[in-house]
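Read through the structure below, which is laid out as structure tokens, and then see the notes.
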Amino acid sequence: MKIGVVSQGSGSSYVEMENTKVLCTIHGPRATQKTELFETAKLNCELKYTTFSSTTEKIDYVENSKEKDLSLLISQSIIGSIRLEKYPKTAIDIYILVLNDDGNVLVASITAATMALADAGVEMFDMVSSCSVSCTKDNRTLIDPTTLEETIPTSSTVLVAKMPSLNEITQIIQTGELQYTNVLECVDLCIDGCDKIYSIMKQNLIDSLLQKQKNQKQ
């Protein structure tokens, strides 16, 4: 997990989860003709897979429905954490590039997006951390599953995005069928995973800030 990896953007981040690799760049807040009448900032999110990111499916240059759906879910997960009222008549653009897909892309993208926003100095109520759990029919629980684990025919997945400092959940997504008790167990595991990832995110930002201050003094 790194921030400030792209010099052209207002902020950026790079996140690896197992073999999944995601790069995020923030542009803005910036004024445009389309946003001059908006009382709060407009958040735009675009996720794109590189053509070499997956060995199991063919990726085209044209945005597909999967990328549009993921972009919307990322935006929904983090929009509640951003103080959009602080940036009237502007737009905040989030560009996410999936360099390698080995599963759990949505979790990695949410993490990368909120880290890049923090690097850009965008005011937030809190950072958003995310975690997912896959539950199989033989009662195995897999935290942050890989592509192979996600595609097990009998598995179901629960994803949670959370603002840990405020103890507020910003997104819950379930795919597949689960018993009510299993759903609660998976959500609890995801919440615990979010808290652990959040501490890593926070420490990474502190270390990056200290390194910047050290470089400025030299």
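Since this is a predicted model, take the numbers as computed values, not measurements.
- In terms of heavy-atom proximity, Cys194 sits nearest to Val160 at SG-O, 3.4 Å.
- For the pair Thr157 (side chain) and Thr175 (backbone), a donor-acceptor distance under 3.5 Å is absent.
- Residues Ile78 and Met124 fail the side-chain proximity criterion, which asks for heavy atoms closer than 4.5 Å.
- A continuous path of Ile, Leu, Val, Met, Phe, Trp and Tyr side chains, each step under 4.5 Å between heavy atoms, connects Ile200 with Ile3, placing both in one hydrophobic cluster.
- The distance from atom CG of Leu209 to atom CD of Gln213, rounded to the nearest 0.5 Å, is 4.5 Å.
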Which atom pairs, one a donor and one an acceptor, fall under 3.5 Å between side chains of residues 108-118 and the rest of the protein, sequence neighbours left out?
{"unit_1": "Ser109", "atom_1": "OG", "unit_2": "Val105", "atom_2": "O", "d": "2.8"}
{"unit_1": "Thr111", "atom_1": "OG1", "unit_2": "Val107", "atom_2": "O", "d": "2.9"}
{"unit_1": "Thr114", "atom_1": "OG1", "unit_2": "Val128", "atom_2": "N", "d": "3.1"}

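- For Ser75 (side chain) and Ser71 (main-chain N/O), no donor-acceptor pair under 3.5 Å exists by modelled atom type.
- Atom CD of Glu46 is separated from atom CD1 of Ile96 by 9.5 Å, given to the nearest 0.5 angstrom.
- Distance alone, capped at 3.5 Å, is enough to place a donor-acceptor pair between the Asp119 side chain and the Ser12 backbone.
- Interatomic distance, CD of Glu168 versus OG1 of Thr170, reported as 9.0 Å (0.5 Å rounding).
- Annotation: side chain of Ser130 is in contact with side chain of Leu159 (closest heavy-atom distance under 4.5 Å).
- With hydrogens and angles ignored, the 3.5 Å screen pairs no side-chain donor or acceptor of Tyr87 with any backbone N or O of Val122.
- Looking at Leu205 and Met201, their side chains never come closer than 4.5 Å, going by heavy atoms from C-beta outward.
- Counting only distance, with no hydrogens or angles, the side chain of Asp102 and the backbone of Thr146 share no donor-acceptor pair below 3.5 Å.
- For Ile82 against Phe125, the heavy-atom pair with the smallest separation is O-CE1, 4.1 Å.
- Looking only at side-chain heavy atoms (C-beta outward), Lys66 and Leu70 come within less than 4.5 Å of each other.
- A donor-acceptor pair is defined here as one N or O able to donate and one able to accept, closer than 3.5 Å; such a pair exists between the side chain of Thr147 and the backbone of Gly103.
- Atom CD of Glu177 has 12 or fewer heavy atoms from other residues, nucleotides or ligands within 6.0 Å.
- Here the shortest heavy-atom pairing between Thr141 and Glu185 reads OG1-OE2, 4.3 Å.
- Asp195 CG to Cys190 SG: the interatomic distance, rounded to the nearest 0.5 Å, is 11.5 Å.
- Put simply, Tyr198 and Val133 are part of two different groups of oily side chains (I, L, V, M, F, W, Y) that touch within less than 4.5 Å, one to the next.
- Closest heavy-atom contact between Gly9 and His27: CA-CE1, 3.8 Å.
- Gln211 and Asn215 share a side-chain donor-acceptor pair at under 3.5 Å.
- Val98 and Val5 are not part of a single hydrophobic cluster, where members link through side-chain heavy atoms under 4.5 Å apart.
- The shortest side-chain heavy-atom distance between Leu84 and Ile79 falls under the 4.5 Å cut-off.
- In terms of hydrophobic clustering, with Ile, Leu, Val, Met, Phe, Trp and Tyr side chains grouped at heavy-atom distances under 4.5 Å, Ile74 and Ile173 are assigned to a common cluster.
- Considering SG of Cys24 and CG of Leu47, their distance stands at 9.5 Å, rounded to 0.5 Å.
- Within the 4.5 Å cutoff, side-chain heavy atoms of Ile143 are placed close to those of Cys131.
- Leu178 and Cys135 make their closest contact through CD2-CB, 3.9 Å (heavy atoms, listed as atom of the first residue, atom of the second, distance).
- Taking Glu18 as the reference, nothing meets the salt bridge (charged side-chain N to carboxylate O under 4.0 Å, His left out) condition, with sequence neighbours excluded.
- For Glu39, the CD atom counts as loosely surrounded, since its 6.0 Å shell holds 12 or fewer non-hydrogen atoms of other residues, nucleotides or ligands.
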Q. What's the verdict on side-chain contact (heavy atoms from CB on, under 4.5 Å) for Val158 and Leu189, showing C-alpha distance, side-chain angles and the deciding distance?
A. CA-CA 10 Å; Val158 175; Leu189 286 171; over 6 Å; no

Q: Quick one: do Leu73 and Gln171 satisfy side-chain contact (heavy atoms from CB on, under 4.5 Å)? Show the steps, please.
A: CA-CA 8 Å; Leu73 290 172; Gln171 184 75 279; 4.0 Å; yes

Q: List the steps, then state whether side-chain contact (heavy atoms from CB on, under 4.5 Å) holds for Leu97 with Thr50.
A: CA-CA 7 Å; Leu97 191 63; Thr50 58; 3.7 Å; yes

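- Atom OG1 of Thr20 sits about 9.5 Å away from atom CG of Asp144, to the nearest 0.5 Å.
- When every heavy atom of Thr90 is checked against every heavy atom of Pro29, the shortest pair comes out as OG1-CB, 3.7 Å.
- Side-chain contact check for Asn100 and Asn19: no donor-acceptor pair (N or O, by modelled atom type) lies under 3.5 Å.
- Hydrophobic clustering of Ile, Leu, Val, Met, Phe, Trp and Tyr side chains at less than 4.5 Å, counting indirect connections, keeps Val6 apart from Tyr95.
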Q) Asn64 and Tyr49: side-chain contact (heavy atoms from CB on, under 4.5 Å), yes or no, with the steps? A) CA-CA 10 Å; Asn64 56 40; Tyr49 285 82; 5.7 Å; no

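- Salt-bridge check for Lys162 with Asp126: failed, with every basic side-chain N at 4.0 Å or more from each acidic carboxylate O.
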